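Following: one structure in structure tokens, then a few remarks.
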Amino acid sequence: MLKFTLKRFALAALILVVAVTIMFLMIRAVPGDPVSIMLGPRATPELKERLIAEMALDQSIPKQLLLFFGGLLRGDLGVDVFSGRAVSEIVFEQLPHTLKLIFSAIAWSAILGIALGCYAAAHPNTWIDRVTATLSVSCIAAPAFVVALLSLLIFAVQLQWFPAIGVGEGFWDTAWHLVLPSFAIGLSWVGYIARLVRASMLEVMGESHIRTARAFGLSERRIISVYALRIAILPVVTVIGVGMGFLLSSAVFTEIVFARPGLGKLVIDSITTRNYPIVMGAVLVSTGLFVVSTALADLINALLDPRARTAT
Amino acid sequence: MTDATAVPTKSKSELAIIIAGVARDPLGLMGLIIVGAIVFSAIFASWIVPYDPVAMNIQDRMQGPSAAYLLGTDQLGRDTFSRVIMGGQVALKVALPAIFGAMAIGLTLGTIAGYGPKWLDNFLMLLFDTIRSFPTVMFALAVVALVGPSLQTVVFVVMATSIPTYGRVARTQTLTLRNSEFILAERAMGASMARILGVHMLPNIIGVLAVLVAMDNPTVIALEAGLSFLGLGVKPPTPSWGALLKDGYALIRQTPWLVVGGGLPIVIATLGFTFLGESLRDVVDPKLRKNR
């Protein structure tokens, strides 16, 4: 297990290094001088000189890359061109909003999806199973930002049940503001998780320890919820870990639709003001988050299922 | 001459078998109809639209659905129905080149990874894993920030982010095939690598990839619409479903019809392609069928 952990994290680190290098080269590959592009029309000679010195643009490319990595290791993502604040500070200020949204979305959809999946597995091939299956496929297809827009239109603008913008203050108000956004992000996950749980549940129900539990006369409900679910839930963990990138992508749109602060809003605002260091910083942080969550999902999977350890 | 005609007939009948298989499944049939309708309306868009999709008519601005304007009009008096139909053309214009480009490149790189030396395999896999480690939309935003929004940018982003998926599938197929007897026989006969990969491997990989194409379409359409919704995709006044949603979002308190008109085509199109992809997968390769 230790060997697997080390190997998995080494791979994650390697991927991050390559990802950062690609990003770095992408910025440099853009035709024209990066300082003018970064500063846009607001470039004054003084600002330009300051940025050239800060980004070490007068050095060779490999040396620049090394300096960039050195900065990353110290948690330095560069400096916001306009306000002069550290990019990392700005990004980590917005990150909690996005994480709150993502986790609330995955929480409700996982709970509902697991419940539906268990129910469908306990009553296979009934009409309710078939309805769940069809609904699952349909919901998987719906893109989060369209669901967000339509739910904004119906529940916030027309019916006015929920607030349309902002994050709110205090616990209840915050939760109330989260309802529609996390509904939009979570909707496609409910069906997906339900299908996953149903499939693995049906597999687990055929195993011998479940037969033993039946022979002891335990109720079907207890067998499913206590003995089978513990194993059937494994794929859900992996899928959520691997789906982090997808969740982050949905969150970007949902934040825009509901005018919520967060990484997505930060990036879009920074693109319109041509504030490149912030865009790149936010992209790097979200990529890091995605890589770490994928690695963690693999580790949890390996911890619970020893067979997965030989896979990599 | 007879040979030349015999081959297409054979593949045609195979295609017919697959289509018949899809049509037997109610969801598959629905997907087939929806996708067919979208492709049809995209090809003949210029004949279908009742109005010029970019012509303004300020007098009739922001109307609800009526006999004259099936889905109402937007803030400039442009007919929403015409814009929806034309938007379908734009969606396919982005999706098709992006997906087939990604498939071609992914197929090539994937077969090379699966058939070539180990170090090349490792290198390509690391590259694929890295590209997949960027959250798609974040990667798209970074690229848009650097090179500016345009239809080509969207195509590039979609292509870059889907190459790894096709590459991985092609690699796995190649790995399972490379030691099979017919490939070994070819090698023993001294066939070149290009011939082995192109003539013998390719037909065995392409079926699985075709399923992926159908499954990938909704993601691509959603990404194009999403970027256009953010104002970072297709530029106005080109009608796109995302651009419709952008206008609709700005006017959501004045008229609900723009959001409905822009949102429903996306939902319907993604549904159609998903249904088609699922049922295509069941017909083409029952082994892939895991979740039922």
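Please read these numbers as outputs of a predicted model, since none were measured by experiment. Chain A is the first sequence line, chain B the second, and so forth, proteins listed ahead of strands; every chain is numbered from 1.
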**Q.** Rounded distance (nearest 0.5 Å) linking atom CD1 of I15(A) with atom CD1 of I131(B)
**A.**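 Here the interatomic distance stands at 11.0 Å.
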
(Q) Return the CZ to CG distance between F145(A) and L227(B), rounded to the nearest 0.5 Å. (A)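 F145(A) CZ to L227(B) CG: 9.0 Å, rounded to 0.5 Å.
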
Q) If only atom types and distance count, is the side chain of S249(A) paired as donor or acceptor with the main-chain N or O of P135(B) below 3.5 Å? A)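 It does not hold such a pair.
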
Measure across [X] and [Y] and return the closest heavy-atom pair with its distance rounded to 0.1 Å.
{"X": "F290(A)", "Y": "R132(B)", "answer": "CE2-O, 3.0 Å"}
{"X": "M23(A)", "Y": "A142(B)", "answer": "CE-CB, 4.4 Å"}
{"X": "L230(B)", "Y": "I256(A)", "answer": "CD2-CG1, 3.8 Å"}
{"X": "M138(B)", "Y": "V252(A)", "answer": "CE-CG2, 3.9 Å"}

Which portion of [X] sits near chain B, non-hydrogen atoms under 4.5 angstrom:
{"X": "T294(A)", "result": "neither"}
{"X": "L248(A)", "result": "side chain"}
{"X": "I22(A)", "result": "side chain"}
{"X": "V18(A)", "result": "both"}

Q: Give the member of V279(A), V291(A), L149(A) that has the highest number of heavy-atom pairs under 4.5 Å with chain B.
A: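 Highest number of pairs under 4.5 Å: L149(A).
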
Q.
With chain B as the partner, which of A12(A), G288(A), A19(A) has the greatest number of non-hydrogen pairs under 4.5 Å?
A.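 Highest number of pairs under 4.5 Å: A19(A).
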
Q) Please walk me through it: do V283(A) and L141(B) pass side chain to side chain contact (heavy atoms under 4.5 Å, CB included)? A) CA-CA 8 Å; V283(A) 174; L141(B) 293 178; 5.6 Å; no

Q: Can you establish whether the number of heavy atoms outside Y249(B) located under 6.0 Å from its atom OH is more than 12?
A: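 Check passes, neighbour count above 12.
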
Return all side-chain donor-acceptor pairs below 3.5 angstrom for residues 264-277 of chain B, not counting sequence neighbours, or 'none' if the list is empty.
unit_1, atom_1, unit_2, atom_2, d
T270(B), OG1, A141(A), O, 3.4
T270(B), OG1, I266(B), O, 2.8
T270(B), OG1, V267(B), O, 2.9
T274(B), OG1, T270(B), O, 2.6

**Q.** Most chain A-contacting option - heavy-atom pairs closer than 4.5 Å, from A222(B), S133(B), A140(B)
**A.**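 Heavy-atom pair counts peak at S133(B).
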
Q: Dump the intermediate steps for side chain to side chain contact (heavy atoms under 4.5 Å, CB included) on L232(B) and I268(A), then the final yes or no.
A: CA-CA 9 Å; L232(B) 300 170; I268(A) 303 290; 4.1 Å; yes

Q: Taking heavy atoms only and a threshold strictly under 4.5 Å, list by residue number the residues of residues 29-39 of chain B that touch chain A; give 'none' if the list is empty.
A: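 Interface residues of residues 29-39 of chain B: none, nothing closer than 4.5 Å to chain A.
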
Q: Starting from the C-alpha separation in whole Å, work towards a yes-or-no answer on side chain to side chain contact (heavy atoms under 4.5 Å, CB included) for F229(B) and V146(A).
A: CA-CA 10 Å; F229(B) 167 68; V146(A) 179; over 6 Å; no

